[in-house]
S.K.: 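Supplied in structure tokens, the structure appears directly below.
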Amino acid sequence: MQSFPIKRILLAGVVGTLLFDLFGLMASTMMGNPTWWDIPALLAGKLGLPLFFGVLAHYLNGVVLAVIYAAVAPFLWGSKWVRAFTYITAETVLGVWLFMAPLLGMGIAGVNGPMGAMFAIVSLVRHWVYAIALAVFIPVPAAAPSTNATASATA
């Protein structure tokens, strides 16, 4: 049984979220609207709490996503990079485009929000930047050979 490297998972979640935030600041600055911690500010506003709690919720979410990735990564295909990017792409489509954006009144993939279709692109790229930390910090075991391949090799 493989150990669950909790320190590396926590590090991946925090570093990934920081990379996500830094890329978001860079992208919003390039688009003429520099905002720092846009997601935490949104969370704090929706919760009616100070920004600190939005930041806390945002980074806890990053850690939770890393924990889920560590649990499902052994079942995904490909290299550690393919697994991290596959997971985070699915999370972005299902969690952000189809759940959070509509919940916030921006429609599917955020196309009815202030950024229009750019929201879908920027949110996906931001999450891909987050995925870098997953691939770097969370060890993924090599795929075990399938039982069919083993059976045919011994026959």
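Quick caveat: nothing in here was measured; it's all calculated off a predicted structure. Hydrogens, waters and symmetry mates are skipped; everything else that's a heavy atom, side chains included, is used. Sequence positions, counted from 1, serve as the residue numbers for this chain.
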S.K.: Can you measure from CG (Leu98) to CG (Leu103) and round to the nearest 0.5 angstrom?
M.R.: 12.5 Å
S.K.: Please find the pair of heavy atoms, one from Ala101 and one from Gly110, that lie closest to each other, and give the distance.
M.R.: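 Taking every non-hydrogen atom into account, CB-N, 3.5 Å.
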S.K.: Could you give the distance from CD1 (Ile6) to CG (Leu11), rounded to the nearest 0.5 Å?
M.R.: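 Nearest 0.5 Å value for the CD1-CG distance: 11.5 Å.
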S.K.: Give, for atom CD1 of Ile121 and atom CE of Met118, the distance between the pair rounded to the nearest 0.5 Å.
M.R.: 5.0 Å
S.K.: According to a 4.5 Å side-chain heavy-atom criterion applied to Ile, Leu, Val, Met, Phe, Trp and Tyr, with indirect links allowed, do Val111 and Leu42 form part of one hydrophobic cluster?
M.R.: no
S.K.: Considering non-hydrogen atoms only, spot the tightest contact between Ala66 and Ile9 and give its length.
M.R.: CB-O, 3.5 Å
S.K.: Measuring only between side-chain heavy atoms, which start at C-beta, is Phe119 closer than 4.5 Å to Val96?
M.R.: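 Yes, close enough: below the 4.5 Å cut-off.
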S.K.: Would you name the heavy atoms of Gly78 and Arg83 that are closest together and state the gap between them?
M.R.: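 Closest pair (atom of Gly78, atom of Arg83, distance): O-NE, 2.7 Å.
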S.K.: Test of understanding: clusters of I, L, V, M, F, W, Y form through side-chain heavy atoms closer than 4.5 Å, transitively. Do Phe4 and Val64 belong to the same one?
M.R.: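 As far as the 4.5 Å side-chain criterion goes, Val64 and Phe4 are connected within one cluster.
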S.K.: Indicate, with yes or no, if Ile39 and Met30 share a hydrophobic cluster defined by side-chain heavy-atom contacts under 4.5 Å among Ile, Leu, Val, Met, Phe, Trp and Tyr.
M.R.: yes
S.K.: How many angstroms lie between CH2 in Trp97 and OG1 in Thr89, if you round to the nearest 0.5 Å?
M.R.: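 Between atom CH2 of Trp97 and atom OG1 of Thr89 there are 8.5 Å.
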S.K.: What distance separates Asp38 CG from Leu25 CG, expressed to the nearest 0.5 Å?
M.R.: 9.0 Å
S.K.: Is a side-chain donor or acceptor of Arg126 paired with a backbone partner of Phe20 at a separation under 3.5 angstrom?
M.R.: yes
S.K.: To the nearest 0.5 Å, how far apart are CH2 in Trp77 and OG1 in Thr86?
M.R.: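 With rounding to 0.5 Å, CH2 (Trp77) is 4.5 Å from OG1 (Thr86).
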S.K.: Taking a hydrophobic cluster as the set of Ile, Leu, Val, Met, Phe, Trp and Tyr residues connected by side-chain heavy atoms closer than 4.5 Å, whether directly or through intermediates, do Val82 and Ile132 fall within one such cluster?
M.R.: no
S.K.: With sequence neighbours left out, write down each residue that passes side chain to side chain contact (heavy atoms under 4.5 Å, CB included) with Leu65, or none if nothing qualifies.
M.R.: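 Only Asn61, Tyr87, Glu91, Tyr130 meet the side chain to side chain contact (heavy atoms under 4.5 Å, CB included) criterion with Leu65.
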S.K.: Work out which heavy atom in Ala135 is nearest to a heavy atom in Lys80; give both atom names and the distance.
M.R.: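 Taking every non-hydrogen atom into account, O-CD, 3.3 Å.
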S.K.: Under 3.5 Å, is there a donor-acceptor pair between the side chain of His127 and the main chain of Ser123?
M.R.: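 Yes: the side chain of His127 pairs with the backbone of Ser123.
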S.K.: Heavy-atom distance under 4.5 Å between the side chains of Val136 and Trp81, does that happen here?
M.R.: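 Sidechains of Trp81 and Val136: in contact.
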S.K.: Parallel, tilted or perpendicular: which describes the rings of Trp128 and Phe85, with under 30° parallel and over 60° perpendicular?
M.R.: tilted
S.K.: Looking at side-chain heavy atoms only, is the closest gap between Val140 and Leu76 below 4.5 Å?
M.R.: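 They are not in side-chain contact.
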S.K.: Could you work out the complete set of other residues in the hydrophobic cluster of Leu60, with links drawn between I, L, V, M, F, W and Y side chains under 4.5 Å apart?
M.R.: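 Cluster partners of Leu60: Leu47, Leu49, Phe52, Phe53, Leu56.
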S.K.: Minimum heavy-atom separation for Ala70 and Ile138, please, with both atom names.
M.R.: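 Minimum heavy-atom contact is CB-CG2, 4.0 Å.
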S.K.: Check the pair Leu18, Tyr59 against side-chain contact (heavy atoms from CB on, under 4.5 Å), reporting the backbone distance first and the verdict last.
M.R.: CA-CA 8 Å; Leu18 182 60; Tyr59 277 78; 3.7 Å; yes
S.K.: List the atom of Ala12, the atom of Ala133, and the distance in Å for their closest heavy-atom pair.
M.R.: O-CB, 3.5 Å
